[in-house]
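These notes concern the structure reproduced below.
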There are 2 protein chains.
Amino acid sequence: MTSPRLRTDAAANRARILEVARDTFAAEGLGVPMSEIARRAGLGVATLYRRFPTKQDLVAEAFAEQMSQCAGMLDAALADPDPWRAFCRVVTEVCAMQARDRGFSAAFVSAFPDTAQFCALRERAEQGFAELIRRAQDAGALRRDFDVADLPLVLLANGGIRAGSPEATANASRRLVAYLLQSFRAEGAAALPPPTVIPLDTALL
Amino acid sequence: MTSPRLRTDAAANRARILEVARDTFAAEGLGVPMSEIARRAGLGVATLYRRFPTKQDLVAEAFAEQMSQCAGMLDAALADPDPWRAFCRVVTEVCAMQARDRGFSAAFVSAFPDTAQFCALRERAEQGFAELIRRAQDAGALRRDFDVADLPLVLLANGGIRAGSPEATANASRRLVAYLLQSFRAEGAAALPPPTVIPLDTALL
DNA sequence: GTAGAAGTGGAGCATGTCCTCCACTTCCAT
DNA sequence: ATGGAAGTGGAGGACATGCTCCACTTCTAC
């Protein structure tokens with residue numbers, strides 16, 4: 001991939017850029033200008049663009065780690081013998097991650113429009129989550145009319161939560177997720193309007 | 001207020017601007033440039049700025065109607081003898097409005113930072129909603145740990161819902177609200193993380 | 001040490017948005 | 001009808017942001 005190895009100083013700079021980008025995007029969202037990232041990394045803009053030809057590229061690499069972290073969470077949940085707990089864990093953890101990282105969901109749609117790698121990851125996530133749903137429903141814990149499309153719904157809703165401080169946001173998100181998980185239980189389930197497929201690309205501004 | 005009355009043609013233009021602005025903001029959000037609004041109204045930008053010195057002013061006036069519509073919904077709900085139905089109605093209707101209008105929630109925080117009129121309206125809405133909560137809780141329909149701060153939470157979450165078409169958005173929003181209302185019922189209420197006060201100004205981008 | 005490839009910085013281009021300026025046009029009281 | 005206040009349009013100033021160009025610096029293989 002990165003065939004010709006970078007000079008040592010360049011490699012260090014590249015790493016610093018990514019580190020700064022991760023922190024900054026997490027704290028302030030994807031709206032931060034490239035020049036600001038460059039400034040914080042103590043570099044010129046040109047350097048930044050030499051490593052990451054476009055802002056999307058930078059965002060994509062900056063969030064790659066969290067991407068696989070998500071996949072890891074799913075695998076862990078799939079290994080859990082208790083289906084309801086597994087389901088809750090995934091929803092809770094993904095939402096917590098989203099609440100922690102301001103740019104996370106935006107990165108999802110803005111940075112990986114249709115790279116093969118991303119599509120594969122998404123495909124796997126969908127199938128894994130569908131499996132979790134099936135198990136939890138078969139165990140009688142999750143309501144029968146819960147739909148795969150309800151996960152994007154939860155993520156969209158959770159993505160809307162933005163309180164003042166990071167802590168406040170995290171708290172608010174936790175409470176929302178707790179509410180939602182209670183309504184996902186099979187017990188008192190009353191009728192619902194039908195689910196809606198949500199096209200990911202138009203979902204987030 | 002508008003002491004020196006406008007010339008008839010100017011008044012007509014002003015009205016047209018507001019009409020166009022309402023439609024455009026509702027359909028495409030507040031991101032639409034002023035020049036675009038002017039173009040659609042068949043006017044120059046200067047005219048627009050003469051009537052509404054700043055974009056905020058235009059937004060504020062464009063959404064004033066919906067503002068009072070909200071107040072009306074609250075009054076209607078307060079007149080409802082069934083506390084739970086009243087509570088559900090307010091949540092459902094406000095969320096539906098928000099889902100219908102892309103600029104609605106953004107307008108709330110961006111356009112009325114601290115005009116006296118707006119503060120008064122908000123104050124009244126908060127007190128009215130608190131009253132609805134109290135009644136529904138006293139009737140044993142609404143869970144005891146539901147907090148006033150949960151309304152902003154719902155609005156924030158609902159504001160995050162953006163599917164492709166207006167219809168899809170409306171559907172998705174309806175489903176989310178249905179889920180939430182079920183978890184707000186007193187019956188199966190399990191423990192929740194504590195509520196968080198949400199500073200409105202920082203809430204929406 | 002040194003040549004030259006690799007890397008760098010900052011000015012600056014292109015674009016988009018809010019808003020202002022001012023020469024021109026339109027309405028209305030007389 | 002007409003003078004002048006009220007209204008208007010579009011160019012363009014100010015600013016922000018993604019990205020490029022190119023003269024200059026730094027590293028590293030020899």
Side-chain N or O of B:R5 closer than 4.0 Å to phosphate OP1/OP2 of D:dA6
no
Over 60° means perpendicular and under 30° means parallel, so classify the ring planes of A:F146 and A:F87, tilted if in between.
perpendicular
Give a yes/no on whether any side-chain N or O of B:S35 is located under 4.0 angstrom from OP1 or OP2 of C:dT17.
no
Measure from CG on A:L6 to C1' on C:dT8 and round the result to the nearest Å.
13 Å
From CD1 of B:I37 over to P of D:dG10, roughly how many Å is that when rounded to an integer?
17 Å
On DNA chain D, does the nearest nucleotide to B:A11 precede the nearest nucleotide to B:A46 from the 5' side, or the other way round? Give the residue.
B:A11
Closest nucleotide among C:dT8, D:dG10, D:dT8 to the A:R50 side chain:
C:dT8
Can you find a side chain N or O atom of A:T47 that sits less than 4.0 Å from OP1 or OP2 on C:dG7?
no
Rounded interatomic separation in angstrom, taking CE from B:M34 and C1' from C:dG16:
15 Å
Over all strands shown, is A:R51 touching base, sugar-phosphate only, or nothing at heavy-atom distances under 4.0 angstrom?
sugar-phosphate
Is the distance between the ring centroids of B:F104 and B:F25 under 6.0 Å?
no
Could you state the atom-to-atom distance from OH of B:Y49 to P of C:dC22 in whole Å?
18 Å
Upstream residue (5' side of DNA chain D) when A:G31 and B:G42 are each assigned their closest nucleotide
B:G42
Could you give the CZ-to-P distance, from A:F52 to C:dG7, as a whole number of Å?
13 Å
For A:Q56 and D:dC19, what is the distance between atoms CD and P respectively, to the nearest whole Å?
8 Å
Would you kindly give the NZ-to-C1' distance between B:K55 and C:dG16, to the nearest whole Å?
12 Å
Check: A:E167/A:S165 side-chain N/O donor and acceptor closer than 3.5 Å:
yes
What is the distance from CD of B:E36 to P of C:dC19, rounded to the nearest Å?
16 Å
Atom OG1 in A:T196, atom CZ in B:R174: separation rounded to 0.5 Å?
8.0 Å
Look for any protein N or O under 3.5 Å of an N or O in nucleotides 27-30 of chain D and output each such pair with its distance, or none.
residue : atom : partner : partner atom : Å
D:dC27  : O4'  : A:R7    : NH2          : 3.4
D:dT28  : OP1  : A:T8    : N            : 3.4
D:dT28  : OP1  : A:T8    : OG1          : 2.5

So, B:E28 side chain and B:G103 main chain: donor-acceptor pair closer than 3.5 Å or not?
no
Looking at A:R143 and A:A190, would you say the former's side chain and the latter's main chain have a donor-acceptor pair under 3.5 Å?
yes
Checking contacts here: which listed nucleotide (C:dT8, D:dG18, D:dT20) is nearest the side-chain heavy atoms of A:V45?
D:dT20
Report yes if at least one side-chain N or O of B:N13 is closer than 4.0 Å to OP1 or OP2 of D:dG7; otherwise report no.
no
Spacing of B:M73 atom CE and B:E93 atom CD [to the nearest 0.5 Å]:
5.0 Å
